[in-house]
Amino acid sequence: MATDKVVDDLDRIDRRLIDRYQRSLPLVERPFAAMAEELGLDEQALIERLQRLCDLGVVGRVGAVFDHRQAGASELVAVAVPDHRREAVAQIINACPGVNHNYWREHRYNLWFVVTAPDSTSLELRLTRLEAELATPLLRLPMVQSYHIDLAFALPWAELEEA
Amino acid sequence: MIEAVTSTAERRPASPLQAQDRRLIRLRACLEQGLPLVPEPFKVLAEQTGLSVEEVRTWIGHWQHSGFIKRFGLVVRHRRLGLAANAMVVWNLPDDRVDEVGRRLAAEPEVTLCYQRVRRLGWPYNLFCMIHGVRRVRVEAQIRALIQRHGLEDVDHQVLFSRQAYRQRGGRYTPEEP
C-alpha cells in the first residue's frame, strides 16, 4: 500500500465507475464494453481500470453479493479477550471456515466477527468447534429482523478528499 | 439457443436454495468469488460451470430479480477508501418499541445497516445500527443528532468504533465441492 490516501489516486472516471456500477452490471455478452461505452472509454481501458481498482484494494471483487438469509446461515459473534491475546485469537477466528468479517472494536467484547455456512447445521458445528478451540464463551447474536442492509451507499468523495 | 433457455425455465426450482443442480451451485460460487476481468466474463463462467452463456446470464438476471442476489457489481472496500470511522451503535429498546425505532433509524441516510438481534445475559442490546464515516468526530455528531431526532435520550446505548479489520470480505456460503 503505497499511500494511505488512496482516494487521491482515483480520478473522475474511477469515481464514476464506482458510483455507477455497485448495484448491477449489463448482462450482455461483453459487459465491460457496454460499461466502457457509457463512460466514454474503450473496453480494454475499462478492464484495466477495474484491475487497477482491485490491485489498489479499493474494489474487493466484481461479483455478486447474495442475500445471506437465502444463501445460507450466518451469525454475528463477539468475544471478550485480554488485550495481549487479541491478535492471536483474531488469527484463530480467521482460520475458522466461513468467517467473512472480523473486527477489533472498542469494548470489553473486543472481537466481533460473522460466521457464515451453507446451512444452520454446519454453522452450529463451526461455532461449537471454534468455542472449544478458543476456550472462551462466544456471545452469539443471531438476527431477529433486518430493517436495512445496504453497503452500496453513495460515497462521500469530497469528505474523503478532505480527510 | 432457444432450447437452452426453455430447458432452464423448466428446471427452475421454486426456491434457489432447493437447487440441486451442481452447475448452479458452481455458478453461485463463481459469482461470490468475482468475475474474471476479461472481455467475455460470462463465457468463462459458462466454461467453469458447464452452463451455456445464455443460461449464465438468465440465471444472474433471475437471481437479481428474485432478490437472491442483492447486488451485482463492484464490491467496494470502504475502509481502504478512507471510510475508517465505522461505528456500531447498540441500543437496549423496550420490546414494543424496537420495531418502530429500527424502521425509523433504517430510513436515515447515514445508517448503512440496521437490525434487531436477540438479547443475551449480560448483553441487553437488541437493536444494532452501523454508521460508516470518514472522521470519528463527524460520526459522533451524527449519532448525537440521531438520538435527538428520534427521542432516544433515555435509551441505554453504546457506541463501538472499530479499531482494525482483521478480515473484511464477501460471504462464502456455497458448500465446498467434494
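Just so you know, these numbers use all the heavy atoms, side chains as well, and skip hydrogens, waters and symmetry mates. Just so we're clear, the structure is a prediction, and the values are computed from it rather than from any experiment.
Separation of atoms CE (B:Met88) and CD (A:Glu106) is listed at 11.5 Å; rounding is to 0.5 Å. Summarising the geometry, atom CG belonging to A:Asp67 is positioned 11.5 Å from atom CZ belonging to B:Arg71; distances are rounded to the nearest 0.5 Å. B:Arg80 contributes atom CZ, which lies 11.0 Å from atom CG of A:Leu53 (distance to the nearest 0.5 angstrom). One distance of note links CG of A:Leu25 with CD1 of B:Ile60; it measures 8.5 Å at 0.5 Å rounding. Here A:His107 contributes atom NE2 and B:Leu160 contributes atom CG; the two are 5.0 Å apart, rounded to the nearest 0.5 Å.
Under a 3.5 Å cut-off, the side chain of A:Arg61 and the backbone N or O of B:Leu35 do not form any donor-acceptor pair. Listed for the B:Arg167 side chain is no donor-acceptor partner under 3.5 Å among the backbone atoms of A:Asn102.
Neither the backbone nor the side chain of B:Pro109 comes within less than 4.5 Å of any heavy atom in chain A. At a 4.5 Å heavy-atom cutoff, the contact between A:Leu141 and chain B is made by backbone and side-chain atoms alike. Of the atoms belonging to A:Glu162, it is side-chain heavy atoms, and not backbone ones, that fall under 4.5 Å from chain B. Within the 4.5 angstrom heavy-atom criterion, no atom of A:Ile93 approaches chain B. Of the two parts of B:Gln64, only the side chain, counted from C-beta on, holds a non-hydrogen atom closer than 4.5 Å to a non-hydrogen atom of chain A. Contact annotation for A:Pro26: only backbone heavy atoms (N, CA, C, O) come within less than 4.5 Å of a heavy atom of chain B. In this structure, the portions of A:Leu76 lying under 4.5 Å from any heavy atom of chain B include both its backbone and its side chain. B:Phe42 touches chain A through its side chain: at least one heavy atom from C-beta onward sits under 4.5 Å away, while N, CA, C and O do not. For A:Arg140, the parts lying near chain B are the backbone and the side chain together; criterion is any non-hydrogen pair under 4.5 Å.
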Test side-chain contact (heavy atoms from CB on, under 4.5 Å) applied to B:Phe72 and A:Arg23, step by step: CA-CA 5 Å; B:Phe72 177 51; A:Arg23 290 184 194 279; over 6 Å; no
query: Would B:Asn86 and A:Arg105 satisfy side-chain contact (heavy atoms from CB on, under 4.5 Å), going step by step from the backbone distance to the final call?
result: CA-CA 9 Å; B:Asn86 164 320; A:Arg105 290 191 182 276; 3.0 Å; yes
Residues A:Gln145, B:Asp99; criterion side-chain contact (heavy atoms from CB on, under 4.5 Å); working and verdict: CA-CA 9 Å; A:Gln145 177 151 14; B:Asp99 231 30; 3.4 Å; yes
query: Can B:Gln116 and A:Met143 be said to form a side-chain contact (heavy atoms from CB on, under 4.5 Å), step by step?
result: CA-CA 6 Å; B:Gln116 187 189 340; A:Met143 190 183 288; over 6 Å; no
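Considering only heavy atoms from C-beta on, A:Phe32 comes within 4.5 Å of B:Pro41 through its side chain. In this structure, A:Val62 and B:Val75 have side chains that are not in contact, with every pair of non-hydrogen atoms separated by 4.5 Å or more. Within the 4.5 Å cutoff, the side chain of B:Val76 has heavy atoms near those of the A:Gln22 side chain. Residues A:Glu29 and B:Arg57 form a side-chain contact, since some pair of their non-hydrogen atoms from C-beta on lies under 4.5 Å apart. In this structure, the side chains of A:Leu27 and B:Val56 stay at 4.5 Å or more apart for every pair of heavy atoms. Within the 4.5 Å cutoff, the side chain of B:Val101 has no heavy atoms near those of the A:Tyr147 side chain. For the pair B:Leu74/A:Leu50, a side-chain contact is recorded, criterion being any heavy-atom separation below 4.5 Å from C-beta on. You'll find the side chain of B:Val38 stays beyond 4.5 Å of the side chain of A:Ile47, heavy atoms only.
Of the residues considered (A:Val28, A:Ile18, A:Leu111), A:Val28 shows the highest number of contacts with chain B, using heavy-atom pairs under 4.5 Å. Per-residue counts of heavy-atom pairs under 4.5 Å with chain A were compared for B:Arg135, B:Arg79, B:Arg77; the largest is that of B:Arg77. In terms of non-hydrogen atom pairs under 4.5 Å with chain A, the most contact-rich of B:Gly34, B:Ala84, B:Ala107 is B:Gly34. Taking chain A as the reference chain and counting heavy-atom pairs below 4.5 Å, the highest number among B:Leu83, B:Val53, B:Val159 is found for B:Leu83. The candidate with the highest count of non-hydrogen atom pairs below 4.5 Å against chain B, out of A:Arg20, A:Glu48, A:Glu87, is A:Glu87. Annotation: maximal heavy-atom pairing with chain A below 4.5 Å, among B:Ala106, B:Gly73, B:Ala165, occurs at B:Gly73. Comparing B:Cys30, B:Pro39, B:Gly133, B:Gly61 by how many heavy-atom pairs each has under 4.5 Å with chain A, the most go to B:Pro39.
Scanning both residues, B:Val134 and A:Pro156, for their nearest heavy atoms gives CG2-CG, 4.1 Å. Shown here for A:Leu155 and B:His78, the closest heavy-atom pair between the two residues is CD2-CD2, 3.7 Å.
Taken together through direct or relayed side-chain contacts under 4.5 Å among Ile, Leu, Val, Met, Phe, Trp and Tyr, A:Val144 and B:Trp91 form parts of separate hydrophobic clusters. Hydrophobic clustering, with ILVMFWY side chains joined whenever heavy atoms are under 4.5 angstrom apart, keeps A:Tyr103 apart from A:Leu134. Under the 4.5 Å side-chain contact rule for hydrophobic residues, A:Ile92 and A:Trp104 share a cluster. No continuous path of ILVMFWY side-chain contacts below 4.5 Å connects B:Leu27 to B:Val44, so the two sit in separate hydrophobic clusters.
Ring planes of B:Trp63 and A:Phe66: perpendicular class, angle over 60° (limits at 30 and 60°).
Of the charged side-chain nitrogens involved, at least one lies within less than 4.0 Å of a carboxylate oxygen, so that A:Glu159 and B:Arg138 count as a salt-bridged pair.
Remark: the B:Tyr166 side chain and the A:Arg86 side chain contain an N/O donor-acceptor pair separated by less than 3.5 Å. Side-chain contact, A:Asn110 with B:Arg163: no donor N or O sits under 3.5 Å from an acceptor N or O.
Under a cut-off of 6.0 angstrom, the local environment of CD in B:Gln164 is crowded, with over 12 non-hydrogen atoms contributed by other residues, nucleotides or ligands. By the neighbour-count criterion of 12 heavy atoms within 6.0 Å, atom CZ of B:Arg103 is densely surrounded, having more than that number from other residues, nucleotides or ligands.
The stretch residues 117-131 of chain B places B:Arg117, B:Val118, B:Arg120, B:Trp123, B:Leu127, B:Phe128, B:Met130 near chain A, each with some heavy atom under 4.5 Å from a heavy atom of that chain. Contacts between residues 150-158 of chain B and chain A, counted as heavy-atom pairs separated by less than 4.5 Å, involve B:Gln158.
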